[in-house]
Amino acid sequence: MTVTPIGWVLLVVGLLLMVARPRWLYIATVFALPFTATGVINVGSGEDASAVQVSMYLGLLLIARHAAGLLRKGRLPFPRGERTSLIWLGLFIATTAASLIMPIWLGGHVLIPSPYLNHPGSQPLHLSGHNITGVLYMVYGYLFAYVVAVLNRDSQMLRLSLKSFIGGAVFAALWAIVELVCKVSGIPYPAVIFNTGTAGSTMGYKQFLAASVFRLSSVAVEPSIFAQTLLVALSLYLPFIFGKRTLFGKVLDRWMYALLFAVLCLTTSSTAYLGIFLGLLIAFVIFTRKGLLRIKHVVLTLTGVVVAALVWALVPVVRLVVDTVLLSKDQSYSALERLMTIQNSWEMFLRYPILGVGWESIGSHDMIVHILANAGIVGFLFFLGAIYAVFRGLYRPIKSRSKKLRVEGMVQIDFAMYVALAVTLLTSVISGFLNVFSFFWFTWGLAIAVAGRTAAVADDGPRSRDRSRQKRLLLPSTHRGTHVSPAAIEAR
């Protein structure tokens, strides 16, 4: 076990913030969510290497500070608006823990196939530290999502969360530009600063498509994970780009949004392009159902498609990227390996459908089969219940809005959160379950908070139809100089 250079700084700073500045601890935690390749402590070596991510370390301190406040108060807040979503999600986490009885019960009589094409074989299933660590990741994720959901029940904290996360994503995008410049110019990339993980899976900055085409992972473990964080940031930015409100300022918001979108395209990740398509598709479906889709929207979309097709046809580098990461991906080595893991996991689920073979007993490069194989149909049903509860809460105010509203009136924070969570989950169906990354649980917790706020509007009865009240509850305030005291964070 070794502490990284940046880890020494973060170990001290994190503890100081926990004791003296809990508000800044929360800001630092949310800002650091895109930094999935930044390890505070590296554990193990080779294929068994892992790291304590900076966001997880700070998140644990945040949870500990919040727990200390709850112990002093002697009560555990379970807000009514967020209660249903948190219960369903908690049942899913409990099922992953209960599934660990399967490796004990099977006792080595079941062989788990290797997830690697170049290392075929199998090994007997036993309860191991990997299983226990996997459950601890889930428990941490739930606690982190709970803290985020409870803290973001008012406009001031929600605005602070959005600014912190988008600010971290913009910094990651700027660092990706530094990475690109280093690769193009031949200057050594300073990976020692933020890419401090020692596991091979964390060195995405070394990936490339061809001799002259580089992939960008910035401060993330790989380009696809970097793309996931940018997709969440772009989705959360929607109310401030297409609405009348601002986050950092009208001009700066648009420049930052353009930077995030441009870097997302430069990642050369299939997850990025799939996420863009899914985000547009979800928005089009909602706009169509609300009767807001106009001819100009269709024309703009078709124009964008035509321009993209021309760029693909006329620019060789773009054609190479598209052909490699999209058109020919199903024939690649990684795609075959992914399909193999999904097939092996599906067979295990068919043999043990109730609780699977135990959480993290078998790997699958997707989300659905991964849950089915490791937590069974019981875990998957609780997971679906958690998804339904939060999306129902997010869509309820969208559905109730007047059809006379323009796009600016429709694209509020609940709409943005709906798109962010939907894109995250849908891309995870293909790319894999993101349960080991704090930004996934942050997105889920923030969605629960926003859904709970919309439930509060609905529970007000006739008053919920008052637009001024609804706007105050559903949109973050644009008041400058808003301050949330450390005591307020601790009290929630």
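As the structure is a prediction and not an experimental result, all values here were calculated from the model. Just the heavy atoms: all of them, side chains too, but no hydrogens, waters or symmetry mates, feed the values below. Numbering of residues begins at 1 and proceeds along the displayed sequence.
Side-chain atoms of Arg396 never come within 3.5 Å of backbone atoms of Gly393 as a donor-acceptor pair (strictly under, hydrogens ignored). Arg159 places a side-chain N or O within 3.5 Å of a backbone atom of Leu247 that can act as its donor or acceptor partner. Remark: the backbone N or O of Asn435 is paired with a side-chain donor or acceptor of Trp441 at under 3.5 angstrom. Remark: the backbone N or O of Ser431 is not paired with any side-chain donor or acceptor of Asp366 at under 3.5 angstrom. Judged by distance alone, the side chain of Ser224 and the main-chain N or O of Thr271 form no donor-acceptor pair under 3.5 Å. The main-chain N or O of Ser217 is found under 3.5 Å from a side-chain atom of Glu179 such that the two form a donor-acceptor pair. Side chain of Thr267 to main chain of Pro223: no donor-acceptor pair is present (N/O by atom type, distance under 3.5 Å, no hydrogens or angles). Side-chain atoms of Tyr418 never come within 3.5 Å of backbone atoms of Phe391 as a donor-acceptor pair (strictly under, hydrogens ignored). Side-chain atoms of Asn42 come within 3.5 Å of backbone N or O of Thr196 as a donor-acceptor pair. Here the side chain of Thr341 pairs a donor or acceptor atom with the backbone of His365 at under 3.5 angstrom.
Residues Phe383 and Thr96 have side chains not in contact (no heavy-atom distance under 4.5 Å, counting atoms from C-beta outward). Using a 4.5 Å heavy-atom cutoff, the side chains of Phe437 and Ser55 are not in contact. When side chains are defined from C-beta on, Arg21 does not count as touching Tyr26, because their heavy atoms never get closer than 4.5 Å. Looking at Phe248 and Tyr237, their side chains come closer than 4.5 Å, going by heavy atoms from C-beta outward. The side-chain heavy atoms of Val170 and Leu260, taken from C-beta on, include a pair separated by under 4.5 Å. No side-chain heavy atom of Thr29 sits under 4.5 Å from any side-chain heavy atom of Tyr57. Counting heavy atoms from C-beta on, the side chains of Tyr189 and Leu180 never come closer than 4.5 Å. Tyr273 places a side-chain heavy atom less than 4.5 Å from the side chain of Thr268.
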Assess whether ring pair (Phe, Tyr, Trp, His ring centres under 6.0 Å) is satisfied between Phe439 and Phe165, documenting all intermediate values.
-> CA-CA 9 Å; Phe439 77 86; Phe165 181 76; 7.5 Å; no
Using the side chain to side chain contact (heavy atoms under 4.5 Å, CB included) rule, take Leu238 and Tyr257 through it: C-alpha gap first, then chi angles, then the decisive distance, then the call.
-> CA-CA 9 Å; Leu238 290 174; Tyr257 194 85; 3.5 Å; yes
Assess whether side chain to side chain contact (heavy atoms under 4.5 Å, CB included) is satisfied between Val450 and Leu394, documenting all intermediate values.
-> CA-CA 7 Å; Val450 174; Leu394 290 172; 3.7 Å; yes
Walk me through it: do Phe144 and Leu62 pass the test side chain to side chain contact (heavy atoms under 4.5 Å, CB included)?
-> CA-CA 8 Å; Phe144 186 67; Leu62 183 68; 4.3 Å; yes
Would His370 and Trp359 satisfy side chain to side chain contact (heavy atoms under 4.5 Å, CB included), going step by step from the backbone distance to the final call?
-> CA-CA 9 Å; His370 181 86; Trp359 191 247; 4.0 Å; yes
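In this structure, Ala220 and Ile225 approach most closely via the heavy-atom pair CB-C, 4.3 Å. Nearest heavy-atom pair across Val19 and Arg65 is O-NH1, 3.1 Å. Contact between Cys265 and Ile276 at its shortest, heavy atoms only, is SG-CD1, 4.3 Å. Nearest approach of Gly39 to Ile6, heavy atoms of both residues: O-CG2, 4.2 Å. Residue Ser218 comes nearest to Ala172 through the heavy atom pair OG-O, 2.5 Å, listed as atom of the first residue, atom of the second, then distance. Closest heavy-atom contact between Asn152 and Ser161: OD1-OG, 2.5 Å.
Note that the CG atom of Leu446 and the CE atom of Met157 stand 10.0 Å from one another [nearest 0.5 Å]. Between the CD1 atom in Ile177 and the CG atom in Leu216 there is a gap of 7.0 Å [rounded to 0.5 Å]. Atom CG in Leu160 sits 10.0 Å away from atom CG in Asp154 (nearest 0.5 Å). One finds the CG atom of Leu33 at 10.0 Å from the CZ atom of Phe35 (value rounded to the nearest 0.5 Å). Within the model, atoms CD1 of Ile430 and CG of Leu278 stand 7.5 Å from one another, a figure rounded to the nearest 0.5 Å. Rounding to the nearest 0.5 Å places OG1 of Thr38 at 10.0 Å from CD1 of Ile193.
Of the N and O atoms on the side chains of Gln228 and Thr427, at least one donor lies less than 3.5 Å from an acceptor on the other residue.
Checking Ile448, Thr443, Val232 one by one against Met417, the side chain to side chain contact (heavy atoms under 4.5 Å, CB included) holds for a single residue, Thr443.
Counting heavy-atom neighbours within 6.0 Å of Phe171 CZ, excluding the residue itself, gives a total above 12.
Taking the centre of each ring, Phe433 and Phe440 come in below the 6.0 Å mark.
Residues satisfying the side chain to side chain contact (heavy atoms under 4.5 Å, CB included) criterion with Tyr388, sequence neighbours excluded, are Arg392.
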